[in-house]
Amino acid sequence: MYWADELASSVSGRQVVNDSKSPSGTVHIGSLRGVVLHDAIYRALRQAGLEAAFLYGVDDMDAMDSQALLTPDAVERYMGAPLSRVPAPEGSSAANYARHFVGQIFFRTFEPLGIKPEFYWVSDLYAAGRMDPYVKLALDRADRVRSIYLRVSHVERNSSWLPIQVICEQCGKIGTTYATEWDGSTVAYRCMPDLVSWARGCGHEGRVSPLGGRAKLPWNLEWAAKWGLLGVTIEGCGKDLATAGGSRDRSDAVSREVFEVEPPRNVAYEFLNIGGRKMSTSKGQGAAAHTIAEVLPPEQLRFLFLRPRPSQVIEFDPDGETIPRLFDEFDRIAAATAGREVKGELPTDYERLFAYSLLGPTPDVEAQANAFRPAFAHLALLLQIPGVEIEERVTAEKGAPLNELERSVLAERVAAARAWLESYAPERARLVIRRDAVPDEVRDLGDDQRAYLAALATAAETDKPGSGDAWQGLIFRVASEIELPSGRAFGALYAAFLGRANGPRAGWLLASLESAFVVERLRAAALATA
RNA sequence: GGGCCGGUAGCUCAACGGUAGAGCAAAUGACUCUUAAUCAUUAGGUUGAGGGUUCGAAUCCCUCCCGGCUCACCA
C-alpha cells in the first residue's frame, strides 16, 4: 500500500495535519518536500473518509539569523529581531520581512502545486494571547523543562534559565535576551551583547510580562505548544530534527511532560540533495524553489517528491538527463494508470502515486492518465528548429486533435522545455547549426556518403522541396536511388549541418534553412577531404 | 564518541525470507517517413566486507568499512 494511504488507514477520528516553516533566508526547493508530503497525507486522510484539516504555520516570531538578504546597514539593527518586526526589503509591499519572503515567494509556489493549507502566523497566536496558557505552563514548570533538556539531549541549563525569549523593550531583539526570575506575572531579562554570535544585544535590563506577544517560547516548546493549541495529530519533520536526542524528541517530551498532551504522529523524511549535497538555507546554496519550479511543472515536482518513500534521500541533479527522464517516467506511470501497456517494471501502487502527483484536492485521474503527453526531450528538440509549428507537429503525433487538457499540458511543457534549454540542458541536447564552416566531423564520412550529399544537392536544385515533408521524401528517395542505407544518409546530413552523428528529423531541419545555403553546404561537405 | 538513514548493473532505483529485475546509458541489427523516434537482440552483478540463523538470505541477527545527516547554539 502507498505509504500515505497506509498512514491514513492506521488512524481514526478527526485528524489535524500541521507543517511549519521559519521564514528566514531563502526558500529552496528542498523545503517543498515537507509541504508536498503533508499535502499527500492530508489527501490520503480525506480519501480514507476521515475528517481532516491541513494547517501551515509561519514561525515569524523567530529571530532574524540570516544576513544574506539584509542590506549591510540593516544587519546591525535587525539581526536577532523577530522576523515579524523586520521591515520588508525595499520595493516590497509586504508588511514585514516574514510576510515578504514567505508570502511573496514561498506561498506562490504552494498555489501552483495545488496545495491549499490553512495558513496561520505564529506572531498572531502570541499577540492574541492564545499561546499564554502554554507560556505560563512552561515558566511554572521550568524545572521540568530543564530536566528534559538534560535527560533527552544532554543539554545542561543553568538553574536560573527560563524557557522564554523576551523581546527587548529597548532594541526590539528577541535572539539576544536571557530571562530569569518568573514571579507569576513578569520575568527579569537582560539583552546580552554576546549571547549569540550572529546578533548583538543592546545591554538593556528590565522586567516585563512575557504574555500577549511580548515574548516567545524557545523552538522546542513552541512546537509542542502549537500541537496542544491546534490539536495537531500528524506532523512530519525533516530527518535533521528527527534524530535521537534531537529536536523532535525534546518537543515530544515537553508535550507529554510539561503540557500533558500526546504529541502528533511523526513522519520523518529525508532531504533532497542537489548533486550529492544537502540544500542549505543558511549557506544560500541550492536552487531556490521558484527556479526549479520554472523547469518542472507542478505535477512533475510533486511526482519527484512522492515517488520515493519519505525515508529515502532524493538525489536530484538538474543537469544532464535528469529532467527529461523525470518527465518520461511520469508519462510512463500515466500510461500505466490509463491501462495501457508499458515497458518495464512499475512501482507498487503506481496509480496512487500518479493520483497524488496530480493537483488536488480531487483531480480527474482518468482524464489526466489518458491525456496525450508529448515527450519532453522531443519537444525540446522541436523548439530549436526554426519554423516548426509545435502544436501541429504534436497533433500529428497524436493522430487526433488535442483536447483542452492536452493543450494546456503542451503549453506547460513548452515553457518548461524552453526554461530547461536555457538553464540545465546539456550541450548535446542543444542544437547548433554550423553555419560558419563545414564541421570537421564530415571527414569521417565515407565516399558513399559524400556521393549521397552531392546527389542530394543536385536533386534539391531540380525538385526545390519547399516543406519538411518534401525534404524528408527527397532524402529517402535519393538514398534509395544510390542504394545507400538510410541510416548512413541521415548520418551524413547530421555531420554536414550539425557536426554530430544524429539529430532531429532531418527533412524539417533542412526545410527551416534557406535552400541556397543547404545546397551549398551539401556540395561543400561532399567535397571535404579526409 | 552516540543516533538515524542509506550502500543492489555505468547512472537512477525495484525486489524486503523462496530462481537478483526494470528504466536510462552502452553494443548490435531493422526501418521509404516522429532517424535523439520506434522495434528487435546482446552485454553488464560474489546485492559494501566478514561471520551467524535457515532447507533457502540482497532481505533476519552480529561485527566492521564507506557515504549523508544529526546529537553544542539557533531555528
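The model shown is predicted, which means the values in this text are computed figures rather than measured ones. Below, read A as the first sequence line, B as the second, and so on, with proteins coming before strands; counting in each chain starts at 1.
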> What interatomic distance, in whole Å, is found between C1' of rG50(B) and the corresponding atom of rU42(B)?
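That atom pair is separated by 35 Å.
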> Nearest to the Val155(A) side chain among rA75(B), rG6(B), rA72(B), which nucleotide is it?
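Nearest listed nucleotide: rA72(B).
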> Rounded to whole angstrom, note down the P distance from rA9(B) over to rU59(B).
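One P to the other, the span is 15 Å.
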> Expressed as a whole number of Å, how far does the P atom of rC13(B) sit from that of rU28(B)?
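Taking atom P in both rC13(B) and rU28(B), they lie 29 Å apart.
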> May I have the distance from Phe330(A) (atom CZ) to rU12(B) (atom P), rounded to whole angstrom?
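Whole-Å distance recorded here is 23 Å.
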> Mind calculating the distance between CD1 (Ile314(A)) and P (rC11(B)) to the nearest angstrom?
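Ile314(A) atom CD1 is separated from rC11(B) atom P by 19 Å.
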> Base, sugar-phosphate, or nothing for Ser153(A), non-hydrogen atoms under 4.0 angstrom?
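The residue Ser153(A) makes sugar-phosphate contact but no base contact.
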> Across the strands shown, which category fits Gly473(A) at heavy-atom distances under 4.0 angstrom: base, sugar-phosphate, nothing?
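The answer is base, as Gly473(A) lies within the cut-off (heavy atoms under 4.0 Å) of a base atom.
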> Whole Å only: how far is the CG atom of Asp240(A) from the P atom of rC4(B)?
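Asp240(A) atom CG is separated from rC4(B) atom P by 16 Å.
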> Could you tell me whether Ile475(A) contacts a base, only the sugar-phosphate backbone, or nothing, with contacts defined as non-hydrogen atoms closer than 4.0 Å?
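No contact.
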> Compare the minimum distances between each of rA72(B), rC73(B), rU35(B) and the side chain of Gln472(A), then state the nucleotide with the smallest one.
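Per side-chain heavy atoms of Gln472(A), the pick is rU35(B).
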> Mind checking what makes ring-ring contact (aromatic ring centres under 6.0 Å, His included) contact with Tyr452(A), not counting sequence neighbours?
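Not a single residue meets the ring-ring contact (aromatic ring centres under 6.0 Å, His included) criterion with Tyr452(A).
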> Taking the side chain of Glu270(A) as heavy atoms from C-beta outward, which of rA14(B), rC33(B), rC5(B) is closest to it?
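The answer is rC5(B).
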> Can the positive tip of Arg248(A) be found less than 6.0 Å from the middle of the six-membered ring of Trp223(A), inside 45° of the ring normal?
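Yes.
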> Report yes if a side-chain nitrogen or oxygen of Gln312(A) is closer than 4.0 Å to either non-bridging phosphate oxygen (OP1 or OP2) of rU12(B); otherwise report no.
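No, no such contact exists.
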> Can you identify which nucleotide, out of rC5(B), rC74(B), rC33(B), has its nearest atom closest to the Gln165(A) side chain?
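For Gln165(A), the side-chain atoms sit closest to rC74(B).
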> Toward the 5' end of RNA chain B, which comes first, Arg393(A) or Glu329(A), by nearest nucleotide?
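Looking at RNA chain B, the more 5' nearest nucleotide goes with Glu329(A).
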> Say you pick atom C1' in rA58(B) and the same atom in rC16(B); how far apart are they, in whole Å?
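Each nucleotide's C1' atom is 8 Å from the other's.
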> Whole angstroms only, please: what is the CG-P distance between Asp249(A) and rA75(B)?
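From Asp249(A) CG to rA75(B) P: 18 Å.
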> Remember a base hit wins even if backbone is also touched, and classify Glu156(A) as base, sugar-phosphate or nothing at under 4.0 Å, heavy atoms.
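Since no nucleic acid heavy atom lies under 4.0 Å of Glu156(A), the category is nothing.
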> Of all the nucleotides listed (rC11(B), rC73(B), rU35(B)), which has the minimum atom distance to the side chain of Arg325(A)?
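The listed nucleotide nearest to Arg325(A)'s side chain is rC11(B).
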> Please verify the inter-ring angle class for Phe490(A) with Phe476(A); under 30° counts as parallel, over 60° as perpendicular, anything in between as tilted.
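Phe490(A) and Phe476(A): perpendicular rings.
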> Kindly state whether the ring of Phe354(A) and the ring of Phe330(A) have centres lying under 6.0 angstrom apart.
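For Phe354(A) and Phe330(A), the ring centres are under 6.0 Å apart.
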> Answer yes or no: side-chain N or O of Ser247(A) and base N or O of rA75(B) forming a donor-acceptor pair under 3.5 Å.
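Flag set: donor-acceptor pair detected.
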> Can you check the distance between rU8(B) and rU35(B), where both ends of the measurement are the C1' atom (answer in whole Å)?
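Their C1' atoms lie roughly 35 Å apart.
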> In terms of heavy-atom contacts, does CZ of Arg77(A) have more than 12 from other residues, nucleotides or ligands at under 6.0 Å?
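Not more than 12 within 6.0 Å, no.
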> Nearest whole angstrom, please: distance from the C1' of rU35(B) to the CG of Leu474(A).
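My rounded result for the distance is 17 Å.
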> Give me the stems containing RNA chain B, sorted by first residue, counting only three or more consecutive Watson-Crick or G-U pairs with both distances under 3.5 Å; say none if there aren't any.
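Looking at RNA chain B, the stems formed by three or more consecutive pairs are B:1-7 with B:65-71, B:10-13 with B:21-24, B:26-30 with B:38-42, B:48-52 with B:60-64.
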> With nearest nucleotide decided by heavy atoms, which residue, Tyr494(A) or Asp62(A), maps closer to the 5′ end of RNA chain B?
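First, find each residue's nearest nucleotide; the 5'-ward one identifies Tyr494(A).
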> Starting from C1' on rC33(B), measure out to CZ on Phe476(A) and report it in whole angstrom.
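Spelled out: CZ on Phe476(A) to C1' on rC33(B) is 5 Å.
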> When you compare the side chain of Phe497(A) with that of Val518(A), does any pair of heavy atoms fall below 4.5 Å?
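Yes, close enough: below the 4.5 Å cut-off.
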> From the list rA75(B), rC5(B), rA14(B), which nucleotide is the closest neighbour of the side chain of Arg309(A)?
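Closest nucleotide among those given: rA14(B).
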> Under 3.5 Å, is there a donor-acceptor pair between the Ser84(A) and Trp121(A) side chains?
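No donor-acceptor contact under 3.5 Å links the two side chains.
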> Which whole number of Å gives the distance between the P atom of rG52(B) and that of rA15(B)?
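To the nearest whole Å, 29 Å.
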> Over how many whole Å does the gap from Tyr178(A) atom OH to rC74(B) atom C1' extend?
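One finds 15 Å between C1' of rC74(B) and OH of Tyr178(A), rounded.
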> Considering only atom P, compute the distance from rA20(B) to rC5(B) and round it to an integer number of Å.
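Between the two P atoms, the distance is 27 Å.
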> Can you establish whether the number of heavy atoms outside Arg332(A) located under 6.0 Å from its atom CZ is more than 12?
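Check passes, neighbour count above 12.
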> Quick one: does NZ or CZ of Arg250(A) land under 6.0 Å from the six-membered ring centre of Tyr149(A), within 45 degrees of the ring axis?
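Yes; both conditions hold, so Arg250(A) lies above the ring face of Tyr149(A).
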> Examine the base of rU32(B) for any acceptor or donor lying under 3.5 Å from a partner atom in the side chain of Ser486(A), and report the outcome as yes or no.
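Donor-acceptor pair under 3.5 Å: no.
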> If I pick the C1' atom on rA57(B) and the same atom on rC69(B), what distance separates them, to the nearest angstrom?
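Between the two C1' atoms, the distance is 29 Å.
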> To the nearest angstrom, how far is Phe490(A) atom CZ from rA37(B) atom P?
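Interatomic distance, CZ of Phe490(A) to P of rA37(B): 14 Å.
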> Is a donor from one side chain sitting under 3.5 angstrom from an acceptor on the other, for Asp349(A) and Tyr356(A)?
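The criterion, which ignores hydrogens and geometry beyond distance, is not satisfied for Tyr356(A) and Asp349(A).
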